[in-house]
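These notes concern the structure reproduced below.
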Amino acid sequence: MSESEHNIAANFIHDIIDADLKSGKRTDVVTRFPPEPNGYLHIGHAKAICLDFGTALKYGGRCHLRFDDTNPEAEDEEYVNAIKEDVKWLGFDWGEHLYWASDYFETMYEYAVRLIEKGKAYVCELTQEEFKDYRGIPTEPGKKPPGRNRPVAENMALFEKMKNGGFEDGACVLRAKIDMASPNLHMRDPAIYRIKRATHHNTGDKWCIYPMYDFAHCIEDSIEGITHSMCTLEFEVHRPLYDWILRTLEVYQPQQIEFARLNLTYTVMSKRKLLELVRENLVNSWDDPRMPTLCGLRRRGFTSEAIREFCSIIGATKVESLSEVELLESCVRDDLNANSLRAMAVFDPIKVVIENYPEGLEEQLEVPNHPQKEEEGMRTVPFSRELWIERTDYMDDAPNKFKGFTLGREVRLRSAYLATCTDVIKDGDGNATELRCTYDPDTKGGSAPDGRKVKSTIHWVSAKHAVETEVRLYDRLFTVENPLADKGRDFKEFLNPESLQLITAKLEPGLAKATPGTRYQFERVGYFCVDPDSTEEKPVYNRTLTLRAPRKIS
RNA sequence: UGCCCGAUAGUGUAAUGGAAGCACGUGUGACUUUGACUCACACGGUCCAGGUUCGAACCCUGGUCGGGCAACCA
C-alpha cells in the first residue's frame, strides 16, 4: 500500500499545521495516538488514528503509539495487544515509537515537585465531597481550600509522604494552585496526583500515587516532542490547563487541537455502553460482528481500506455530527465489489428438476471469479439435473419485470444454461415446492447460438453437490438512527431484535474450504466472509452487507 | 442563569472577501450473463437580523439554536 492511500483529506488541522510550518513556529510534524488500555478500539478511534497517523504521513513526520496508562484500576494488559493489532490492521505503523505514559512516571513526579517548589502545587486533604463544595459552581467563584497556603517545605514533605505510602488511599491529593475563581472549572485547583494502591501492569507496585490525565497528558506530549496533539472536543476546556502546566513547568509546549468525535447512525460509540452490551450478553463479544469495534467490523468482513476511505471522506471539523452508516457501507461495498471473488449460494431453496437433463450426468462448468476482472480467472462449478434456486426466483403469473421463473418463461441459470419452467409442483396450500424445467443443451455458458435474449439471470447450486453451511445474517444493531436521542429511555430499548438471524444455506462446493476472513460476493445476494468459528467440517459465513438496494420483487 | 465551542442540501464535507462544489442518500432513465457494478439526468443548502464592502458562507455586532464543562476517569 502506498503512503498516499493513508493520507486523509485536508482539514482545518492541516490548515493550522500549514500555517505553523510557514511561520516557522514548527519545523516538523509529530503526532500521537494515545489510547488508554481499558477497552477495545472502535470506529470512532479509527477516525482519530487516521487523523493522527495520516497527518504525520502527509507531512513526512512521525506518529507515536502511546498507551495512556495512568489509571491502573481501569487498565489491563489484555487490551494492549488488541489495540496494537487493531492499529496495525488499519494499516498504520508506529515503528520504533511505542511509548507508555508509565515510562514517564519518574519525570512526572519530578515535575510535580518542581511545581511545588514554585509554589504552584499543594497537598490538599479535603475529601472529594468537601472539595466539590470548595470548587463551587460555574456561576460563582469557589473558595480557597485550607491547605492552599501551606509552605513549600511542608508540601514537599507531604507529597513525599504520599509517594512513600504514608497515607491511606484517598487521604489527600496534590493540587495545582491556579485560580479558585476561574470561570473555567478545570482551572480551579485541579487534582494532579492521587493515591491509589493498585498494581500497575507496567510498574507493578512501585508507585502508590498516580498522575491525573490533565497533568500527565501534556507532559507526555512535551517529553515526546509532539507538535500537534489532536484530541476530541470535550478536552477543549482542558486546554488552558494543558498550557498552564507546561508553561509553569517551563518545558516544551505542543499545541492541543480538538476535533469532533465520530458518531454513526444505528449504533453507539461509547466504551461504557459497548461494555454494557457485552456484559449483559446483548451481543456475543467485543468482536461480535454487530459491534462498531474494529475487531467486530473486521469479523463482519469490513476492510481496513474501506474504513480508512470512510475516515477520509468524513473529514475532521469541530462540528458535532452524526454520520450516516450508509456512507460507511458505501465505502465497504466499493471495496468489496472491486476486490472480492464471486460465488453462488442459495439461502431459501426450492428444488428445480431439469427433466431433459440426463440422470447421472454431471458437468464441471467454467464460471468467472470476477466478471469485471478477467485476471481473476475462472473456477469450475458442478451442474447436474437437480438444482437449488431461491424460492423468491419463482413466481406464479409473474409480471414482465420479474426476474425469475414463471411458467413458460425462459431464464438463464448463471454461467450454465437457459432453461424454461414447464411445471410447478405445489403443496396443499398452493405453495410451490418444486419446479420442473427443460433446458436448452445448445446454450452452455448461458448464451443462445441463435442470439435470442433472456432478461433474467438467476443463481443456482447443484443439489447433489451443495454444501450446507451456517450463515449469520447481520443487520443494524439498533432500530433507530440515534439510540441515545431519547434521554428518557435506555438505549438498549432500541436494540434490533433481528440484528442476527441464523440460516442454513446451500453453497457451491468450492465454498466448503473456508479460511477465516476470506471474502466473497454471493452473486445477487451480498458480501460474505468466513467467520473464525469455522471448522473444516463446518464452515460458517457472516453476511457483511447485502448488495446495494434490497431486491424488489414486483 | 458562568465559561468554552459550533451552525453550508436529508447526511457528511469543500469554497479561507470574487461563479456555493463534491460524496453519500433519494428519484427517474440507460446498460447489464449479478435487480449489483457502471453511466446519464434530477432533487436539494449558506440559522436569523443588522453592519462593513464594488462584492460576504467567509469580517463585525446582536440574537436564535445545538453541544461541552462542576471524577481523586480519560
Side-chain angles (χ1 to χ4, degrees), chain A residues 9-12 15 34-36 38 68 70-71 73-75 124 126-128 131-132 135-142 169-175 182-188 190-196 209-210 212-214 216-217 231-240 258 260 262 265 271 310 313-331 333-334 337-338 342 344 367-368 371-372 401-404 411-416 418 445-447 453-459 481 521-527 546-554:
Chain A
N11 55 51
F12 78 100
D15 293 344
E36 182 186 17
N38 71 343
D68 209 359
T70 57
N71 183 5
E73 278 172 356
E75 295 144 13
C124 172
L126 253 22
T127 63
Q128 220 173 135
F131 186 75
K132 204 172 163 183
R135 178 166 39 218
I137 54 173
T139 48
E140 290 167 24
D169 283 17
C172 51
V173 296
L174 184 70
R175 293 192 179 285
S182 171
N184 181 345
L185 268 355
H186 294 278
M187 299 297 273
R188 319 248 265 225
I192 58 175
Y193 257 98
R194 79 284 218 186
I195 304 170
K196 231 184 234 286
I209 56 171
Y210 292 95
M212 300 285 295
Y213 167 86
D214 283 314
H217 203 90
C231 63
T232 45
L233 248 29
E234 69 268 27
F235 291 103
E236 213 156 17
V237 283
H238 294 239
R239 186 169 5 106
E258 310 84 13
L262 170 68
T265 54
K271 274 187 204 169
F310 171 72
I313 291 173
I314 57 169
T317 64
K318 301 191 71 153
V319 187
E320 303 214 29
S321 57
L322 178 61
S323 292
E324 291 177 337
V325 74
E326 286 85 347
L327 179 58
L328 206 212
E329 292 173 346
S330 164
C331 295
R333 286 195 184 97
D334 273 358
N337 176 54
R342 312 287 125 121
M344 289 193 284
V367 179
Q372 278 90 46
K401 303 160 64 174
F402 180 72
K403 299 232 186 184
V411 309
R412 176 165 34 239
L413 297 164
R414 174 74 157 150
S415 299
L418 301 185
S447 39
K453 300 285 181 204
V454 292
K455 60 180 180 188
S456 308
T457 301
I458 66 170
H459 59 282
E481 286 201 339
Q521 183 200 90
F522 292 169
E523 285 188 298
R524 302 210 304 141
V525 181
Y527 298 99
T546 60
L547 294 187
R548 193 153 358 222
R551 300 173 62 199
K552 282 179 286 186
I553 309 292
S554 52

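The chains referred to below are lettered A, B, ... by the order of the sequence lines, with proteins before strands, and numbering in each begins at 1. Keep in mind that what you see is a predicted model, and the values were worked out from it rather than measured.
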Check: [Y] and [X] side chains under 4.5 Å, non-hydrogen atoms:
| X | Y | answer |
| --- | --- | --- |
| A:P190 | A:M212 | no |
| A:S415 | A:M344 | no |
| A:V454 | A:V411 | no |

Nearest to the side chain of [X] - [options]?
| X | options | result |
| --- | --- | --- |
| A:N71 | B:C4, B:A70, B:A74 | B:A74 |
| A:V237 | B:G68, B:U1, B:C72 | B:G68 |
| A:R524 | B:U16, B:G35, B:G6 | B:G35 |
| A:A191 | B:G2, B:C72, B:A14 | B:C72 |
| A:K403 | B:G35, B:U34, B:U11 | B:G35 |
| A:V319 | B:A70, B:C3, B:G6 | B:G6 |
| A:E326 | B:C24, B:G12, B:A70 | B:C24 |
| A:P183 | B:A14, B:U34, B:C3 | B:C3 |

Take atom [atom1] of [X] and atom [atom2] of [N], then tell me their distance rounded to the nearest Å.
| X | N | atom1 | atom2 | value |
| --- | --- | --- | --- | --- |
| A:Q521 | B:G35 | CD | C1' | 12 Å |
| A:L322 | B:U13 | CG | P | 11 Å |
| A:I314 | B:G12 | CD1 | C1' | 8 Å |
| A:N38 | B:C73 | CG | C1' | 9 Å |
| A:I313 | B:C22 | CD1 | C1' | 10 Å |
| A:N11 | B:A14 | CG | C1' | 12 Å |
| A:R188 | B:G2 | CZ | P | 13 Å |
| A:I209 | B:C73 | CD1 | P | 14 Å |

Next item on the list: Assign a letter to each nucleotide of nucleotides 37-47 of chain B from its 5' end: B, base within under 4.0 Å of a protein heavy atom; S, sugar-phosphate only; -, no contact.
Entry: S----------

If I pick the [atom1] atom on [M] and the same atom on [N], what distance separates them, to the nearest angstrom?
| N | M | atom1 | value |
| --- | --- | --- | --- |
| B:U46 | B:A7 | C1' | 10 Å |
| B:G63 | B:U1 | P | 10 Å |
| B:G17 | B:A23 | P | 26 Å |
| B:G66 | B:U11 | P | 15 Å |
| B:C5 | B:A9 | C1' | 24 Å |
| B:A40 | B:G62 | C1' | 48 Å |
| B:U28 | B:C69 | C1' | 50 Å |
| B:C47 | B:A56 | C1' | 16 Å |

Next item on the list: Return yes when atom NZ of A:K132 has more than 12 non-hydrogen atoms of other residues, nucleotides or ligands closer than 6.0 Å, and no otherwise.
Entry: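 Incorrect, the count does not exceed 12.
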
Contact class for [X] vs. all strands (heavy atom < 4.0 Å): base, sugar-phosphate, or nothing?
| X | answer |
| --- | --- |
| A:G170 | base |
| A:L418 | nothing |
| A:D68 | sugar-phosphate |

Next item on the list: Tell whether A:E324 reaches the base of B:G10 with its side chain through a donor-acceptor pair below 3.5 angstrom.
Entry: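 Under the 3.5 Å cut-off, the side chain and the base do form a donor-acceptor pair.
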
Next item on the list: Measure from the side-chain N and O atoms of A:R188 to the backbone N and O of A:S182, and report whether any donor-acceptor pair falls under 3.5 Å.
Entry: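 Answer holds: yes.
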
Is the phosphate of [N] approached by [X] (side-chain N or O, under 4.0 Å from OP1 or OP2)?
| X | N | result |
| --- | --- | --- |
| A:Q128 | B:A71 | no |
| A:T70 | B:A74 | yes |
| A:S456 | B:U33 | no |
| A:T317 | B:U13 | yes |
| A:R194 | B:C73 | yes |
| A:K196 | B:C73 | yes |
| A:R135 | B:A70 | no |

Distance in Å, [X] [atom1] paired with [Y] [atom2], rounded so as to fall on 0.5 Å steps:
| X | Y | atom1 | atom2 | value |
| --- | --- | --- | --- | --- |
| A:R414 | A:H459 | CZ | NE2 | 11.0 Å |
| A:K453 | A:R412 | NZ | CZ | 8.0 Å |
| A:E481 | A:L322 | CD | CG | 6.5 Å |
| A:E523 | A:L547 | CD | CG | 9.0 Å |
| A:R548 | A:Y527 | CZ | OH | 8.0 Å |
| A:N71 | A:Y213 | CG | OH | 14.0 Å |

Next item on the list: State the dot-bracket string of RNA chain B. Criteria: Watson-Crick or G-U wobble, both atom distances under 3.5 angstrom; notation: ( ) intrastrand, [ ] crossing earlier pairs, | interstrand, . unpaired.
Entry: .((((((..((((....[..))))((((((.......))))))...(((((..]....))))))))))).....

Check: Pick the nucleotide of RNA chain B nearest each of A:P138 and A:V173; which residue has the one closer to the 5' end?
Finding: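 Nearest nucleotide further toward 5': that of A:P138.
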
Item checked: Residue mapping more 5' on RNA chain B - nearest nucleotide basis, A:T139 or A:R175 ->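 Final value for this comparison: A:T139.
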
Notebook entry, point to check: Under the rule syn = chi within 90° of 0, otherwise anti, which is B:A30?
Noted result: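 Anti conformation here, the glycosidic angle of B:A30 being more than 90° from 0.
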
Next item on the list: Name all residues meeting the side-chain contact (heavy atoms from CB on, under 4.5 Å) criterion together with A:L327; count only those two or more places apart in sequence or in a different chain, and write none if there are none.
Entry: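 Testing A:L327 for side-chain contact (heavy atoms from CB on, under 4.5 Å), a comparison that skips the adjacent residues, returns A:F310, A:I313, A:I314.
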
Check: Mind checking what makes side chain to side chain donor-acceptor pair (under 3.5 Å) contact with A:S330, not counting sequence neighbours?
Finding: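 By the side chain to side chain donor-acceptor pair (under 3.5 Å) rule, A:S330 matches no residue at all.
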
What nitrogen or oxygen pairs link the protein and nucleotides 57-60 of chain B at under 3.5 Å?
none

Next item on the list: Tell me, please, which residues at least two apart from A:H238 pass ring pair (Phe, Tyr, Trp, His ring centres under 6.0 Å).
Entry: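 Ring pair (Phe, Tyr, Trp, His ring centres under 6.0 Å) list for A:H238, sorted by chain: A:H186, A:F235.
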
Margin query: So which atom in A:D68 and which in A:E75 form the shortest heavy-atom distance, rounded to 0.1 Å?
Written below: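 Residues A:D68 and A:E75, closest heavy atoms: O-OE2, 3.5 Å.
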
